[in-house]
Amino acid sequence: MPRRPDVRAAAQPQSPGQRARRDRILRAAADLGAQHGLDGVQMQDVAKDAGVALATLYRYFPSKTHLFTAVMGEQVDRMHDPRQRIQRADPVDAVAETLLRATRSLLHTPRLASAVMQSNYAAHSATVVEAARIEARVRETVLDLLGLDTPTDNDERLVRLLLKCWHGVIVATLNKHTTRAEADTEIRLACQVLLSARSNAPGRTGV
């Protein structure tokens, strides 16, 4: 498991050059994570492959938890991108297909998937702000797909429960407790069962 992240806040890039360096760091981390997994990645190797000083790496990512949580954030941003939005007549199908596409992308590189999932679970939102941003971004994506502009408290709970189920299925698949075919079925079932209770579901007038 990754160590507890440092208390100090990660710096945010301000200039195009800083953003480019941060992007190179994330690409290097993703490549090394896909090859070696979380425990096999050394921060100095990430800095070397990204072509930055080790101090620069630690300025943006004070720990491996910060670093690989940010890598997961890149995946989530692609999920949220309107240009990548899945269109379905049934909004529940759209949510299921969106989660399944993200799942398949993660499972394509199992070692990297394990690294980002471990880091995201270890991250404390008070010190790793990217963790809170990831949760909010996925939540927004699901609510947008469902057409819930003003979600009720029950809607919010249902979405949180769905995302916990989704994370659990990914971890079970990575640990080979679940096959990929079973994972697809379980994610679809979780969407159908949980989201049928949302406030704007057909036949419902509210909760």
Side-chain angles (χ1 to χ4, degrees), residues 2 19 22-41 46 49-50 61 64-88 90-123 128-146 159-192 194-195:
R19 286 191 288 273
R22 186 179 186 276
D23 289 344
R24 291 203 307 274
I25 290 169
L26 290 175
R27 287 196 297 272
D31 289 344
L32 289 169
Q35 296 175 52
H36 306 296
L38 186 64
D39 292 340
V41 173
V46 176
D49 285 10
F61 306 104
K64 280 200 287 185
T65 296
H66 286 81
L67 178 58
F68 281 96
T69 300
V71 172
M72 186 170 185
E74 296 282 292
Q75 297 263 4
V76 168
D77 285 341
R78 286 192 287 274
M79 181 195 303
H80 189 73
D81 188 342
R83 295 169 298 181
Q84 304 294 325
R85 190 64 54 86
I86 291 176
Q87 301 295 330
R88 291 288 189 277
D90 182 350
V92 174
D93 285 345
V95 172
E97 289 300 327
T98 298
L99 296 182
L100 285 169
R101 183 167 66 182
T103 302
R104 291 163 187 154
S105 178
L106 282 167
L107 295 178
H108 182 68
T109 50
R111 289 181 178 175
L112 178 59
S114 292
V116 299
M117 295 300 291
Q118 287 181 58
S119 296
N120 192 51
Y121 280 129
V128 187
V129 295
E130 185 72 4
R133 191 188 74 82
I134 288 170
E135 181 179 352
R137 182 57 63 92
V138 178
R139 167 192 164 278
E140 290 168 8
T141 299
V142 173
L143 292 173
D144 285 350
L145 289 168
L146 293 173
V159 170
R160 286 197 300 270
L161 183 55
L162 172 63
L163 298 182
K164 289 174 183 176
C165 289
W166 177 48
H167 288 174
V169 170
I170 293 172
V171 171
T173 308
L174 289 169
N175 291 335
K176 301 189 184 302
H177 298 156
T178 297
T179 67
R180 295 195 182 191
E182 289 169 341
D184 282 12
T185 300
E186 290 168 2
I187 289 171
R188 290 185 190 279
L189 180 60
C191 290
Q192 291 165 5
L194 292 170
L195 299 181

Evaluate side-chain contact (heavy atoms from CB on, under 4.5 Å) for V169 paired with T103, printing each intermediate quantity in order.
CA-CA 9 Å; V169 170; T103 302; 5.8 Å; no
Give the intermediate values and the outcome of side-chain contact (heavy atoms from CB on, under 4.5 Å) for residues Q75 and V116.
CA-CA 10 Å; Q75 297 263 4; V116 299; over 6 Å; no
Residues V46, F61; criterion side-chain contact (heavy atoms from CB on, under 4.5 Å); working and verdict:
CA-CA 11 Å; V46 176; F61 306 104; over 6 Å; no
Please lay out, stage by stage, how D184 and R104 fare under the test salt bridge (charged side-chain N to carboxylate O under 4.0 Å, His left out).
CA-CA 9 Å; D184 282 12; R104 291 163 187 154; 2.9 Å; yes
Going through the distances and angles, do R139 and R160 end up as a side-chain contact (heavy atoms from CB on, under 4.5 Å)?
CA-CA 7 Å; R139 167 192 164 278; R160 286 197 300 270; over 6 Å; no
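Residues V92 and L195 share a closest heavy-atom pair of CG2-CB, 3.9 Å. The two residues A96 and C191 have their closest heavy-atom pair at CA-SG, 3.7 Å. Pairing each heavy atom of T65 with each of S119, the nearest pair is CG2-O, 3.5 Å. Contact record, A30 with V71: CB-CG1, 4.2 Å, taken as the closest heavy-atom pair. Looking at every heavy atom in both residues, L112 comes nearest to F68 through CD1-CE2, 3.9 Å. Nearest approach of T69 to E130, heavy atoms of both residues: O-CG, 3.8 Å.
The distance from atom CD1 of I170 to atom CG of L106, rounded to the nearest 0.5 Å, is 5.0 Å. Rounding to the nearest 0.5 Å places OG1 of T185 at 9.0 Å from CG of L100. Residue L194 holds its CG atom at 6.0 Å from CG of L162, rounded to the nearest 0.5 Å. Here R180 contributes atom CZ and L174 contributes atom CG; the two are 8.5 Å apart, rounded to the nearest 0.5 Å. Note that the OG1 atom of T178 and the CD1 atom of I187 stand 10.0 Å from one another [nearest 0.5 Å]. The distance from the CD atom of Q118 to the CG atom of L38 is 5.0 Å, given to the nearest 0.5 Å.
Under the 3.5 Å distance criterion, the side-chain polar atoms of E74 are left unmatched by any main-chain donor or acceptor of A70. In this structure, R111 contributes its side chain and G37 its backbone to no donor-acceptor pair below 3.5 Å. S105 places no side-chain N or O within 3.5 Å of a backbone atom of R101 that could act as its donor or acceptor partner. In this structure, the side chain of N175 does not engage the main chain of H177 through any donor-acceptor pair within 3.5 Å.
Using a 4.5 Å cut-off on side-chain heavy atoms (C-beta onward), D31 and D49 make no contact.
Summarising the local packing, CD of E135 is surrounded by 12 or fewer heavy atoms from other residues, nucleotides or ligands at distances under 6.0 Å.
Taking the charged nitrogens against the carboxylate oxygens, D77 and R133 do have a contact shorter than 4.0 Å, which makes a salt bridge.
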